[in-house]
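Presented below is the structure to which this report refers.
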Amino acid sequence: MGGGIYSGPSDDSVLGEPVLFYTVMLDSCYTFGYLSVDMKMKIRNPISKNHGFVLVLLAGLILFVPWCPIIATFYYEYCIHLATCEGWQFGTDIISTYGPFGFVGLPFYRASTYPSMILLNICLYGIMVAFLWEFWQNIVNPARPSAVWIVIILLLPGFGPAMEWSPVLFTPYVLVNLFVLRHFFGKTAPSYLYLFMFVIVLGMFVLVKGTFIFLILMTIVVVSADQIINSKKVPWIFPGFIVGVLVLWVVSSQKTGNILGYFLSTADLIAGYKDGAGSFEGTKLGIAPVVFALGSLGLIGTFLLTVRKLLGWRSIWPASILAATLYVMFQHGFVRQDPQHSVSACLSFCCLYVLMLPLLWVLSGGNKTLRRVLVANGTVGIIIIATCWLSGGGRPVVNSFFQRIKGIPALMTQGVSALETAREAHLQLLKQKFPLPQFDGSMESSTFDAGVAEAYGNYSMVRPTVTLYVAYTSKMSMRNKDYLEDASGPGAILFSIPVAIDGRYPAATDSIGLLAQKTHFSAIGRVGNLLVLERRARPLKLKSEKLQELDVDVNGTISLPDPGKGMVFAQIEITPTIAGRLFSLLYKPAATFIIVSVGTEEARFRLIRATAKEGMLLSPLLCDLPSFQAFYSDSNSSLKLSGFRIEYEKGREWCYQNKIKVVLSKVNVD
């Protein structure tokens with residue numbers, strides 16, 4: 001991370017002896033979960049002493065809180081801090097998987113968000129310790145729980161290789177199951193204060209990351225439904241949850257009228273994410289997703305077998321929350337196959353198992369078969385991590401925890417002055433690396449590095465989707481279009497090349513936004529791989545004329561007419577089969593590709609179905625810096641396509657229908 005304190009994980013930051021790491025983790029899970037809950041076994045546990053208990057929890061707090069934040073500005077996640085500082089409206093000004101409290105789980109430094117980030121992390125750690133303590137004493141054993149058991153649950157996902165995610169981001173997986181288990185298995189009814197705190201924390205996490213809404217809302221509904229059906233009570237937690245979310249929304253400086261837009265835009269983003277991010281196959285995980293799925297089914301089955309005698313048909317409620325949690329973990333880890341997501345999902349599985357183990361061990365009583373299965377479930381968790389690692393999907397690291405500790409002495413002796421100095425040095429380095437002309441007004445550099453505008457003293461803006469590649473759907477791309485065309489939008493844009501990730505067809509990334517950029521901005525220069533775009537005094541106009549409407553077979557070549565000085569705009573509709581839709585729901589969509597021809601040369605790109613259906617600039621081919629510079633300088637590009645064809649992922653052709661609908665149009669710019 002150029003110029004930052006946090007330089008990211010290096011090879012020597014990864015545990016040198018993975019076998020030792022897994023052994024310690026397995027030993028911790030079993031020793032302080034599996035053994036300590038069986039009161040027939042007499043185990044001398046030195047951690048039970050008061051000073052040891054406090055020290056372990058204190059060590060957990062030190063590792064949990066991002067005391068030493070990342071000093072870098074080119075991250076997508078940094079823009080969430082920027083949005084919070086500027087009071088931008090989530091779901092309107094900015095559309096992201098994160099919400100107005102998202103900065104809490106993203107350890108980046110900005111002076112205005114840093115104190116709140118630290119304070120809220122401390123509070124959430126303390127609340128989670130209290131919840132886990134109460135869970136143990138009320139359900140597992142009246143004795144004090146093992147501090148190591150608590151800390152493992154809260155810290156385990158933090159061993160993932162994503163430095164930009166704090167452990168607090170993974171606590172909702174624990175929180176929802178903790179809430180449900182406490183409701184169904186508690187020996188005494190929870191106090192109103194306990195329920196109130198739970199509802200508030202759950203509501204806050206909805207605004208930390210909108211993608212948690214399904215899981216959290218399902219949890220609230222399950223508990224409320226059981227209160228109505230089984231206890232004949234009118235549940236107050238559901239309306240309390242809604243009110244809590246609204247209050248927290250207002251507290252975070254968001255307008256009340258925008259909250260529906262936040263949830264709708266999050267839903268649209270989630271729908272597009274699977275198709276957009278799911279096409280990435282940079283890491284071949286082999287059987288790792290299968291092992292994770294089988295391990296999840298095994299844990300769910302063990303849970304049902306253990307609790308069905310106690311709860312009867314009601315066991316379906318907590319089992320459904322466990323299943324939904326594991327499904328969300330699976331989607332998080334294996335839709336986009338990269339180490340940050342895969343390893344975090346595997347660690348979260350183990351974390352959830354550690355939470356469940358004491359309860360299931362107690363409920364299994366003297367059933368040796370069930371207890372053997374429980375041990376097997378824990379072994380599967382280790383196998384999942386090992387399989388992910390051996391398949392090239394990454395492995396746990398400890399570097400991020402050590403980085404957090406480094407910040408404590410400086411904070412105690414210098415406050416935030418060292419962080420401020422590092423931030424100023426970072427901005428100065430950006431200014432030296434990217435010499436730009438002086439602009440008056442606002443500048444957008446979010447597609448490259450949001451800190452560049454700040455380094456030059458310009459007002460930093462970001463497009464609604466923050467980056468181009470997040471514009472997975474027509475609604476997302478239209479938001480970017482409106483933002484770019486608005487007179488209050490940026491005066492200048494630093495446009496990074498390449499614009500596409502994962503080998504996508506470049507113009508299919510924010511396709512409508514790219515055309516709006518064409519009509520309202522022009523290239524005035526370049527710095528390295530950056531184009532410098534300036535707002536036009538008079539916007540250009542687009543004129544469209546339909547050329548052809550075709551129904552073609554997959555792999556069939558489509559010849560393109562010469563548009564002269566114009567451009568060819570294409571709408572390509574690929575329809576999934578019923579089996580393909582089911583496969584997409586359970587896992588992810590099969591990849592689709594576009595093979596384009598320029599004369600006798602061919603190039604192959606990934607095609608995102610949602611953006612292809614909405615329409616994209618097909619010709620000229622924008623594939624590198626010179627072609628984009630010519631496009632935004634109003635020069636004719638020589639890279640005109642002569643034809644193209646569509647292909648499906650090998651072995652998964654059954655996911656899509658053979659016929660493809662194509663509409664070709666000619667677009668002129670005046």
Side-chain angles (χ1 to χ4, degrees), residues 97 173 211-215 217-218 221-222 266-281 283-301 303-304 316-317 319-338 341-342 345-346 348-349 384 387-388 391 393 472-476 502 504 551 553-555 572-594 606-614 646-661:
T97 55
Y173 296 140
T211 50
F212 287 135
I213 181 62
F214 164 75
L215 192 57
L217 187 60
M218 182 179 174
V221 169
V222 161
T266 300
D268 191 42
L269 199 60
I270 294 171
Y273 173 81
K274 290 189 73 171
D275 189 26
S279 66
F280 175 65
E281 294 182 348
T283 302
K284 299 293 184 180
L285 292 180
I287 64 169
V290 177
V291 174
F292 190 100
L294 292 176
S296 298
L297 291 173
L299 184 56
I300 296 167
F303 181 87
L304 282 170
I316 195 67
W317 294 121
S320 66
I321 296 300
L322 174 60
T325 306
L326 291 168
Y327 175 75
V328 172
M329 287 180 184
F330 178 79
Q331 293 286 298
H332 177 272
F334 301 107
V335 168
R336 179 173 178 81
Q337 297 181 358
D338 58 24
H341 291 83
S342 303
C346 295
S348 297
F349 176 94
I384 288 172
T387 304
C388 182
S391 300
Y472 302 119
T473 68
S474 58
K475 290 182 181 179
M476 300 293 102
D502 305 344
R504 299 180 192 174
D551 285 318
D553 293 330
V554 65
N555 295 317
I572 305 170
E573 185 174 354
I574 301 171
T575 306
T577 61
I578 295 176
R581 293 180 191 276
L582 181 60
F583 181 77
S584 174
L585 176 65
L586 295 177
Y587 186 26
K588 63 178 182 178
T592 54
F593 302 89
I594 182 170
R606 293 188 180 276
L607 187 65
I608 308 305
R609 289 186 301 115
T611 51
K613 182 179 179 180
E614 79 192 27
I646 303 298
E647 290 183 357
Y648 299 155
E649 182 180 348
K650 289 184 178 180
R652 292 180 181 167
E653 293 86 353
W654 49 269
C655 289
Y656 301 108
Q657 295 181 12
N658 188 57
K659 287 292 184 180
I660 300 169
K661 185 177 181 180

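Note: hydrogens, waters and symmetry copies are ignored here, and every other heavy atom, side chains too, is used.
By the ring pair (Phe, Tyr, Trp, His ring centres under 6.0 Å) test, Tyr472 is found to be paired with no residue, residues two or more places apart in sequence or in another chain being considered. Qualifying ring pair (Phe, Tyr, Trp, His ring centres under 6.0 Å) partners for Tyr587, counting only residues two or more places apart in sequence or in other chains: Phe330, Phe583. Annotation: side chain to side chain donor-acceptor pair (under 3.5 Å) contacts of Lys661 (sequence neighbours excluded): none. Shown here are the ring pair (Phe, Tyr, Trp, His ring centres under 6.0 Å) partners of Tyr648, two or more places apart in sequence or in another chain: Tyr656. With sequence neighbours excluded, no residue forms a salt bridge (Lys or Arg N to Asp or Glu O under 4.0 Å) with Glu653.
Shown here for Leu269 and Thr97, the closest heavy-atom pair between the two residues is CD2-N, 3.4 Å. Contact between Met476 and Asp268 at its shortest, heavy atoms only, is CE-OD2, 3.0 Å. What you find for Thr473 and Gly272 is that their closest heavy atoms are CG2-CA, 3.8 Å. Residues Gly333 and Ala345 come closest through the heavy atom pair CA-CB, 3.5 Å. Contact record, Thr387 with Ala288: CG2-CA, 3.7 Å, taken as the closest heavy-atom pair. Across all non-hydrogen atoms, the minimal contact from Pro589 to Arg609 is CB-NH2, 4.3 Å.
Salt-bridge check for Asp275 with Lys588: failed, with every basic side-chain N at 4.0 Å or more from each acidic carboxylate O.
Counting heavy atoms from C-beta outward, Arg504 and Leu607 have side chains that stay 4.5 Å or more apart.
Taking CZ from Phe303 and CG from Leu322, the interatomic distance works out to 6.0 Å, rounded to the nearest 0.5 Å. Atom-to-atom distance recorded for Asp553:CG and Asn658:CG is 4.5 Å, nearest 0.5 angstrom.
Although no hydrogens or angles enter the test, the distance criterion places no donor-acceptor pair under 3.5 Å between the side chain of Gln331 and the main chain of Leu326.
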Compile the donor-acceptor pairs under 3.5 Å between side chains in residues 572-582 and protein atoms, sequence neighbours left out, one pair per line.
unit_1, atom_1, unit_2, atom_2, d
Thr577, OG1, Gly580, N, 3.0
Thr577, OG1, Trp654, O, 2.7
Thr577, OG1, Cys655, O, 3.3

side-chain contact (heavy atoms from CB on, under 4.5 Å) between Ile660 and Asp551: does it pass, once the steps are laid out? CA-CA 6 Å; Ile660 300 169; Asp551 285 318; over 6 Å; no

